[in-house]
Chemist: 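The structure is given below, and queries will be raised subsequently.
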Amino acid sequence: MDTELNKESLIVFSDISILDVKALLKIHSSSFIVMKNHLEILGILDEGFFLKRLDSEGHNQEITAYLNTSFVVVDDLDKLSEEDMSTYDFVIQHSDNQYRSYPIYEVREILLKKKIKSLISLNESLHEELEVTRRKVKELTQILDSSYDEIFVTDANGNTLFVSEACKKLTGLPPEAFINKNINELVEKGLIVNSVTLETMKTKAIHSAEQTYPHGLTVFSTAKPIFDEEGNLYRIVSNSRDITELVEMKSKLNRVNLQNQRAQHESSRTVSFNNCITNSDKMIKVLELAEKVAPMDSSIFIHGETGVGKGVLSRVIHDLSSRKDKKFIQVNCGAIPSALIESELFGYESGAFTGANKHGKQGLVESADGGTLFLDEIGEMPLDIQVKILHLVQDRTFMKVGGTKEKKVNIRIISATNKDLKQMIKNNQFREDLYYRLHVVPMEIPQLRERKEDILLLTDYFMKKFNEKYGQSISIDDHSKVILQLQDYPGNVRELENVIEQIVVTARKPIVTIEDLPSDLTYKDTALVNLTGIIPLKKALEETEKQLLSQALSTYKSTRKMAKALEVSQTTIMRKLGKYQFIYDEDKI
């Protein structure tokens, strides 16, 4: 059938006779295509149609009277429309310079066979693709089920679509207990605790959390949103990993770290010399430098803010030197009126000026002969006196006011200031040559806020000092000590000393608590928990802990420093910050 259909149709020309047509019809059962000489198709000569027309028209008409002219010419049968199929009796296919004619019923049969064949082929193809897809789904499921971690997939509304086999060892339940259940239902039943999927549904962002199941396992879960092409939430995929062993290992490590920290704390160096007490690494380095340079007679210049202990350090240097048995003379250059500073420093001869002692007066420089002269607040020294100080530093000689002869002294000069002398030099307020003569061995005392670990040491030291001075036996509770340790103390050690003296003098009870602290301490602005109120103990402890962590984080910015200040492990600090959802970035600290 197909072979016959593919044969080229017989073509005859319009000058053929009726007798020739009859003869052809006897040997060819198929219809003919009739054309003019210039290859214009006139119609189809079909035997049934021809004989019927022959009976009605007779034998004397031209060949065109016997032709079926209800035909359409196409190059491809597939281009025929339904309208063509219902309008024409024949279809002539003209392609590759060949002509084939088909009755319309044959065309319908041809196209129907092609559709059936195409559908069969499509069905086979779909079946193959389905099998491939099934194999891939099976393979993917096997891969997901082989994962040590539990994989949990829901749609955008929280309906569970897939749960890997790992859920059995994490929850003790098979995947069927979760499939087709909504996450809200699973949470209500207690099958899922602290659901990260719910958080991701709400925020459309990645969420992670620890989850502890009733049978004791602890897992770490992370939920990630998946969006469709329009940006709408499509799926939520969560991954849960058993971290029970890790938690136990961390706990053991924390205990070991805590033991090590306690051991380090117990064996940490606490340096105490005269009135200088510290266990700060920065301050210990300063004291080590002081110990090294003390035996030498070079000039020392001490930098530091007001109240850090520049005078105490200078006295330590003197006591560590070979001059310790000689005088230590301290001169506050900012406390002596400029009109008197020269006579106070260098003394004067009798009759040097009106009102002067008739026997003259020995100056502070001469009083320090053999010992140490400490010029505190050297930045306050008038420029005209700076010239005389330069002469003293260079030659160790001076001249009294009203005198005519220079006197020589054997002194060690230590200077100190809280000012920026280099800027003062630029402003012509301090002599550059004097600066470099004094600045042979520079020493920098760190501010108290940079060595918070010293605050409790100094607090205990000053408490003992003022209790003895005023005949008291006042103590400070631990909460109050933490508050004291969190202060910035712009006045440094001197300010802390004043605060402790005020506490001892004004204390109304033997043990000072938070409400007894001076009102100007910064904790008053943070509304700390009133520990004397009747509230649940757990809530009070958590609120106090939270607020102390907040102040410590604001003060220290580093979990390591916070841990040292609060005397706990760094791991504990990080865990507590996570518990109360504090935001911090350890990498930027």
Side-chain angles (χ1 to χ4, degrees), residues 290 293-303 310-417 419 421 424-425 428-443:
V293 301
M296 309 170 193
D297 272 344
S298 57
S299 297
I300 295 176
F301 202 107
I302 303 173
H303 296 271
K310 297 187 290 294
V312 173
L313 180 61
S314 64
R315 187 64 192 240
V316 168
I317 295 171
H318 171 77
D319 291 341
L320 290 172
S321 72
S322 59
R323 300 173 181 269
K324 61 182 179 180
D325 296 326
K326 302 295 183 179
K327 288 186 177 180
F328 174 83
I329 301 298
Q330 180 170 341
V331 181
N332 190 330
C333 301
I336 304 174
S338 57
L340 300 177
I341 192 166
E342 182 179 4
S343 61
E344 287 294 319
L345 282 172
F346 303 113
Y348 56 85
E349 299 289 357
S350 60
F353 51 85
T354 303
N357 189 305
K358 63 180 181 178
H359 300 296
K361 181 182 178 182
Q362 185 183 63
L364 296 172
V365 171
E366 191 174 359
S367 299
D369 192 16
T372 300
L373 177 67
F374 174 48
L375 299 175
D376 195 12
E377 304 302 335
I378 189 70
E380 303 292 339
M381 182 76 70
L383 278 171
D384 57 333
I385 305 300
Q386 290 180 28
V387 179
K388 297 181 181 294
I389 296 296
L390 176 62
H391 183 67
L392 173 68
V393 174
Q394 290 180 147
D395 303 326
R396 294 299 191 268
T397 59
F398 71 96
M399 185 180 295
K400 288 185 175 184
V401 176
T404 56
K405 294 181 180 180
E406 287 191 337
K407 300 191 70 172
K408 192 169 185 67
V409 287
N410 175 20
I411 58 174
R412 202 270 184 78
I413 297 177
I414 301 175
S415 308
T417 187
K419 293 183 177 296
L421 291 189
M424 293 182 67
I425 291 171
N428 296 319
Q429 296 174 322
F430 198 86
R431 293 181 63 93
E432 186 174 13
D433 48 3
L434 176 59
Y435 173 83
Y436 287 111
R437 285 291 183 179
L438 296 173
H439 209 260
V440 178
V441 180
M443 300 179 72

Chemist: Any side-chain heavy atom of Ile414 within less than 4.5 Å of one from Arg412?
Modeler: yes

Chemist: Nearest 0.5 Å please: distance from the OG atom of Ser314 over to the CE atom of Met443.
Modeler: 10.5 Å

Chemist: Tell me whether Lys408 at atom NZ has more than 12 heavy atoms from other residues, nucleotides or ligands lying less than 6.0 Å away.
Modeler: yes

Chemist: Would you name the heavy atoms of Leu345 and Leu375 that are closest together and state the gap between them?
Modeler: CD2-CD2, 4.4 Å

Chemist: As a quick check of understanding, evaluate side-chain contact (heavy atoms from CB on, under 4.5 Å) for Ile389 and Phe346, giving each step before the final call.
Modeler: CA-CA 10 Å; Ile389 296 296; Phe346 303 113; 4.0 Å; yes

Chemist: Out of curiosity, Ile425 CD1 to Asp433 CG, how far, rounded to the nearest 0.5 Å?
Modeler: 9.0 Å

Chemist: Give the minimum heavy-atom separation between Ile317 and Ala290, together with the two atoms involved.
Modeler: CG1-CB, 3.8 Å

Chemist: If the condition is salt bridge (Lys or Arg N to Asp or Glu O under 4.0 Å), which residues does Lys388 pass it with, not counting sequence neighbours?
Modeler: Glu342

Chemist: Measure across Leu373 and Ala368 and return the closest heavy-atom pair with its distance rounded to 0.1 Å.
Modeler: CB-CB, 4.2 Å

Chemist: List the atom of Lys400, the atom of Lys361, and the distance in Å for their closest heavy-atom pair.
Modeler: NZ-O, 3.7 Å

Chemist: Identify, with sequence neighbours excluded, every residue that meets side chain to side chain contact (heavy atoms under 4.5 Å, CB included) alongside Lys326.
Modeler: none

Chemist: Nearest 0.5 angstrom please: Ser321 OG to Phe328 CZ, how far?
Modeler: 10.0 Å

Chemist: Quick one: do Met381 and Ile341 satisfy side-chain contact (heavy atoms from CB on, under 4.5 Å)? Show the steps, please.
Modeler: CA-CA 9 Å; Met381 182 76 70; Ile341 192 166; 3.7 Å; yes

Chemist: Mind checking salt bridge (Lys or Arg N to Asp or Glu O under 4.0 Å) for Lys324 and listing every partner two or more places apart, or none if nothing turns up?
Modeler: none

Chemist: List in chain and number order the residues that pass side chain to side chain contact (heavy atoms under 4.5 Å, CB included) with Val387, two or more places apart in sequence or in another chain; answer none if no residue qualifies.
Modeler: Arg431

Chemist: Taking salt bridge (Lys or Arg N to Asp or Glu O under 4.0 Å) as the definition, give me every residue that meets it alongside Lys310, ordered by chain and number, with sequence neighbours left out.
Modeler: none

Chemist: Which pair of heavy atoms, one from Gly379 and one from Leu421, lies closest together, and at what distance?
Modeler: CA-CD2, 3.9 Å

Chemist: For Arg323, check salt bridge (Lys or Arg N to Asp or Glu O under 4.0 Å) against everything at least two apart and list the hits.
Modeler: Asp297

Chemist: Kindly state each residue pair satisfying side-chain hydrogen bond (donor to acceptor under 3.5 Å, both in side chains) with at least one member in residues 369-381, sequence neighbours excluded.
Modeler: His318-Thr372, Glu380-Lys419

Chemist: Shortest non-hydrogen contact from Arg437 to Val440?
Modeler: O-CG2, 3.4 Å

Chemist: Do any pairs count as a ring-ring contact (aromatic ring centres under 6.0 Å, His included) and have a residue in residues 364-389, sequence neighbours left out, and if so which ones?
Modeler: none

Chemist: Of all residues at least two apart in sequence or in a different chain, which pass the side chain to side chain donor-acceptor pair (under 3.5 Å) check with Thr397?
Modeler: His391

Chemist: Does Glu349 form a side-chain contact (heavy atoms from CB on, under 4.5 Å) with Val401? I'd like the steps, not just the answer.
Modeler: CA-CA 6 Å; Glu349 299 289 357; Val401 176; over 6 Å; no

Chemist: Excluding sequence neighbours, so at least two apart, what forms side chain to side chain contact (heavy atoms under 4.5 Å, CB included) with His439?
Modeler: Phe301, His303, Tyr435, Pro442

Chemist: Can you name the side chain to side chain contact (heavy atoms under 4.5 Å, CB included) partners of Ser367, sequence neighbours left out?
Modeler: Ile329, Gln362

Chemist: Counting C-beta onward and ignoring hydrogens, is there a side-chain heavy-atom pair between Ser338 and Pro382 closer than 4.5 Å?
Modeler: yes

Chemist: Got Glu366 and Lys407 here, is their nearest side-chain heavy-atom distance under 4.5 Å?
Modeler: yes

Chemist: Under the side chain to side chain donor-acceptor pair (under 3.5 Å) rule, collect the residues that match up with Gln330, sequence neighbours excluded.
Modeler: none

Chemist: Please test Asp384 against Gln386 for side-chain contact (heavy atoms from CB on, under 4.5 Å), starting from the C-alpha separation and ending with a verdict.
Modeler: CA-CA 5 Å; Asp384 57 333; Gln386 290 180 28; over 6 Å; no

Chemist: Should Leu438 and Ile300 count as side-chain neighbours, where that means a heavy-atom distance under 4.5 Å?
Modeler: no

